[in-house]
Asker: 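So that we are looking at the same thing, I have put the structure below in structure tokens.
The structure presented is a predicted model; accordingly, all values stated were derived computationally and were not measured.
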Amino acid sequence: MIVALLTGIVLGVFFFGGLWFTVKKAVVSKIPALWIFLSFILRISITLLGFYIIGVKNWQHLLLCLLGFIAARFAVIHFTKALDAKQVHLKKEEIHGA
């Protein structure tokens with residue numbers, strides 16, 4: 001049961017962390033649609049495969065995996081907000097320091 005929960009957390013960090021990374025890269029890319037499309041295909045394929053492998057045995061493992069996935073969503077949002085705020089703060093210091 002712990003393995004199913006941890007797998008959900010790992011899948012969630014991969015999916016939502018990958019989404020955050022993709023958006024960061026797509027904003028400065030010359031071909032943002034390609035970044036977004038390929039990232040979506042990769043992230044959804046790996047995530048669905050992980051859910052299938054965990055949930056094929058019984059539905060309780062699938063439910064725990066989903067719970068870990070949702071928990072990882074909130075954790076990634078928390079950490080990426082902190083990273084973005086830190087980067088904005090550093091950029092403001094560079095502007096004022098120049």
Asker: Is there a chain of hydrophobic side chains (I, L, V, M, F, W, Y, each step under 4.5 Å between heavy atoms) that links Phe74 to Phe21?
Answerer: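 Cluster IDs for Phe74 and Phe21 differ.
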Asker: If hydrophobic clusters are built by linking Ile, Leu, Val, Met, Phe, Trp and Tyr wherever their side-chain heavy atoms come under 4.5 Å apart, do Ile70 and Leu62 end up in the same one?
Answerer: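 The answer is yes; both residues are in one hydrophobic cluster.
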Asker: Side chains of Thr80 and Phe16: does their closest heavy-atom pair fall under 4.5 Å?
Answerer: no
Asker: Tell me, yes or no, whether the heavy-atom count around Ile2 atom CD1, taken from other residues, nucleotides or ligands under 6.0 Å, exceeds 12.
Answerer: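 No, CD1 of Ile2 has 12 or fewer neighbouring heavy atoms, counting only those of other groups under 6.0 Å.
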Asker: Mind checking the CD1-CD1 spacing from Ile36 to Ile31? Nearest 0.5 Å is all I need.
Answerer: 12.0 Å
Asker: Is Leu49 reachable from Phe51 through a run of hydrophobic residues whose side-chain heavy atoms are each under 4.5 Å from the next?
Answerer: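 No.
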Asker: Out of curiosity, Ile54 CD1 to Leu66 CG, how far, rounded to the nearest 0.5 Å?
Answerer: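 Answer for the CD1-CG pair, Ile54 versus Leu66, is 12.5 Å.
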Asker: Honestly curious: do Phe14 and Val23 fall in one hydrophobic cluster under the side-chain, below-4.5 Å linking rule?
Answerer: no
Asker: Over 60° means perpendicular and under 30° means parallel, so tell me whether Phe69 and Phe15 are parallel, tilted or perpendicular.
Answerer: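 Rings of Phe69 and Phe15: tilted, 30 to 60°.
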Asker: Can you tell me how far the CG atom of Leu42 sits from the OG1 atom of Thr47, to the nearest 0.5 Å?
Answerer: 8.5 Å
Asker: Give me the atom names and distance for the closest heavy-atom approach of Pro32 to Ala26.
Answerer: CB-O, 3.3 Å
Asker: Taking all atoms of both residues into account, what is the closest heavy-atom pair of Thr22 and Ser39, and its distance?
Answerer: OG1-OG, 2.6 Å
Asker: Out of curiosity, Leu11 CG to Ile46 CD1, how far, rounded to the nearest 0.5 Å?
Answerer: 9.0 Å
Asker: Looking only at heavy atoms, which two atoms of Ala4 and His61 are closest? And how far apart?
Answerer: CB-O, 3.5 Å
Asker: Hey, could you give me the CG/CE distance between Leu63 and Met1, rounded to the nearest 0.5 Å?
Answerer: 9.5 Å
Asker: Are Val76 and Val13 close enough that some pair of their side-chain heavy atoms sits under 4.5 Å apart?
Answerer: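 With C-beta onward as the side chain, the pair touches.
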Asker: Could you check if a side-chain atom of Arg73 sits within less than 4.5 angstrom of a side-chain atom of Ile77, using non-hydrogen atoms only?
Answerer: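 The answer is yes; the side chains approach within 4.5 Å.
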Asker: Quick one: do Trp35 and Ile41 end up in the same hydrophobic cluster if we chain Ile, Leu, Val, Met, Phe, Trp and Tyr together by side-chain heavy atoms under 4.5 Å apart?
Answerer: no
